[in-house]
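Each remark here refers to the structure printed beneath this line.
Just so you know, these numbers use all the heavy atoms, side chains as well, and skip hydrogens, waters and symmetry mates.
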Amino acid sequence: MLVDSHCHLDFETFAPELDAVVQRARDAGVRTCVSIGTKLDKFAGVRTVAERFPDVWCSVGVHPHEAEGELLDSPAILIEHAKHPKVVGIGETGLDYYYEHSPREQQIVNFRHHIEAARRSGLPLIVHTRDADDDTISVLNEEMARAPFKGLLHCFTGTRRLCEAALALGFSISVSGIATFKNSGELRDTLKDVPGDRLLVETDAPYLAPMPHRGKRNEPSFVVHTAAMLAGLKGLTPDELADATTENFFRLFTKVRRPQ
């Protein structure tokens, strides 16, 4: 059994064949998926997909790209949505200084409100960070010093310093198809040293399809390729890697019911 800990099944590209996409994941051994919220005004669609399938769950959050358009003044709306039985995480949230689609100050404001929502709901924080290592580490350290919360760095592509800082805070590291790319040797070197009890796998579908599907639309069934690469990197069999990452997922996402 594998878990796709981060995908976007509400996106329009999946609508014509969503049932088939979910079935292909099941056929590939992917028995649980988390469909991630990126905008509050699109959350109803995220939740509807999760309600439609027993093995699909969801999160609620505002992507850093959307911070300017959905600037929060408190964590209240996130906490309210988190009461839904299918909502199992807070985010994705964080800082993205690569595209600068929203002002940095507004991204940080939203990031802190998401952290408070994770803290008060007890759900894991799902962090997106790109070209923002210093501020991401600073915010996470400051907030953890205030009061604890749990979380992960999704689609990790950052520096060893960012990875070590996240691990020191008790966070997990989620690995996407980017780690299978030929030019990702430095990333694989970092992932090789991540403790086995802190690793998750994901697709970020429909983005970032792993080898050998690079350039195609990604989907949850493709997480098997990322898992196979990671197993080889860690010196594990595919079954051992699947067992480890699945247990890590359920230990972090405690609200998710294990499939029968």
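Judged by distance alone, the side chain of Glu70 and the main-chain N or O of Asp41 form a donor-acceptor pair under 3.5 Å. A distance-only check finds no donor-acceptor pair linking the side chain of Asn110 to the backbone of Val62 [under 3.5 Å]. A donor-acceptor contact shorter than 3.5 Å links the side chain of Glu240 to the backbone of Thr237. Of the possible polar contacts, none joining the Lys192 side chain to the Lys234 backbone as a donor-acceptor pair under 3.5 Å is found. Here the side chain of Lys86 pairs a donor or acceptor atom with the backbone of Ala50 at under 3.5 angstrom. Listed for the Thr245 side chain is a donor-acceptor partner under 3.5 Å among the backbone atoms of Leu241. The main-chain N or O of Glu143 is found under 3.5 Å from a side-chain atom of Arg119 such that the two form a donor-acceptor pair. Side chain of Ser59 to backbone of Gly37: a donor-acceptor contact under 3.5 angstrom is found. A donor-acceptor pair is defined here as one N or O able to donate and one able to accept, closer than 3.5 Å; no such pair exists between the side chain of Ser184 and the backbone of Thr180. A side-chain donor-acceptor contact under 3.5 Å links Arg251 to the backbone of Asp197.
Under 4.0 Å is where a charged nitrogen must lie from a carboxylate oxygen, and between Arg52 and Asp19 at least one such pair does. Using a 4.0 Å cut-off between a side-chain N of Lys or Arg and a carboxylate O of Asp or Glu, Glu12 and Arg217 do not qualify as a salt bridge. In summary, Glu247 and Arg258 engage in a salt bridge, as defined by a charged side-chain N under 4.0 Å from a carboxylate O. In this structure, Arg188 does not pair ionically with Glu186, as no charged nitrogen and carboxylate oxygen lie closer than 4.0 Å. For Asp193 and Arg160, the salt-bridge test passes: some basic side-chain N is under 4.0 Å from an acidic carboxylate O. Using a 4.0 Å cut-off between charged side-chain N and carboxylate O, Asp55 and Arg257 make no salt bridge.
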Handout entry: side chain to side chain donor-acceptor pair (under 3.5 Å) assessment of Asp4 paired with Thr203
Key = CA-CA 6 Å; Asp4 183 357; Thr203 58; 2.6 Å; yes
Exercise for the section: Give the C-alpha distance, both sets of side-chain angles, the deciding distance and a yes or no for side chain to side chain donor-acceptor pair (under 3.5 Å) between Asp96 and His101. Expected result: CA-CA 8 Å; Asp96 192 315; His101 287 330; over 6 Å; no
Exercise for the section: Report the C-alpha distance between Ser174 and Glu202 in whole Å, list the side-chain angles of each, state the deciding distance to 0.1 Å, and finish with yes or no for side chain to side chain donor-acceptor pair (under 3.5 Å). Expected result: CA-CA 7 Å; Ser174 186; Glu202 65 168 90; 2.8 Å; yes
Practice task
Could you walk me through whether Ile108 and Asp135 pass side chain to side chain contact (heavy atoms under 4.5 Å, CB included), step by step?
Solution key: CA-CA 8 Å; Ile108 291 172; Asp135 283 355; 4.1 Å; yes
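A cation-pi contact links Arg214 to Phe181, judged by a cut-off of 6.0 Å to the six-membered ring centre and 45° from its axis. Judged by a 6.0 Å distance limit and a 45° cone about the ring axis, Arg104 is positioned over the six-membered ring of Tyr97.
Between His63 and His65, the two ring planes are tilted [angle within 30° to 60°]. Classified by interplanar angle (parallel below 30°, tilted 30° to 60°, perpendicular above 60°), the ring pair Phe11/Tyr207 is perpendicular.
Here NE2 of His113 is found 7.0 Å from CG of Leu71. Values are rounded to the nearest 0.5 Å. Atom-to-atom distance recorded for Ser176:OG and Asn218:CG is 8.5 Å, nearest 0.5 angstrom. Rounding to the nearest 0.5 Å gives a distance of 4.0 Å between OG of Ser121 and CD1 of Ile90. Leu123 CG to His81 NE2: the interatomic distance, rounded to the nearest 0.5 Å, is 13.5 Å. Taken from CG in Asp239 to CE in Met1, the straight-line distance is 13.5 Å, to the nearest 0.5 Å. Taking CD1 of Ile173 as the reference point, atom CD of Glu164 lies at 10.5 Å (rounded to 0.5 Å).
In plain terms, the two heavy atoms of Val56 and Val22 that are nearest each other are CG2-CG2, 4.5 Å. Residues Leu78 and Val60 come closest through the heavy atom pair O-CG1, 3.9 Å. Taking every heavy atom of both residues into account, Pro220 and Cys33 meet most closely at CB-SG, 3.8 Å.
Looking only at atom types and distance, the side chain of His8 has a donor-acceptor partner in the side chain of Asp204 under 3.5 Å away.
In this structure, the ring of Phe111 has its center no less than 6.0 angstrom from the ring center of His114.
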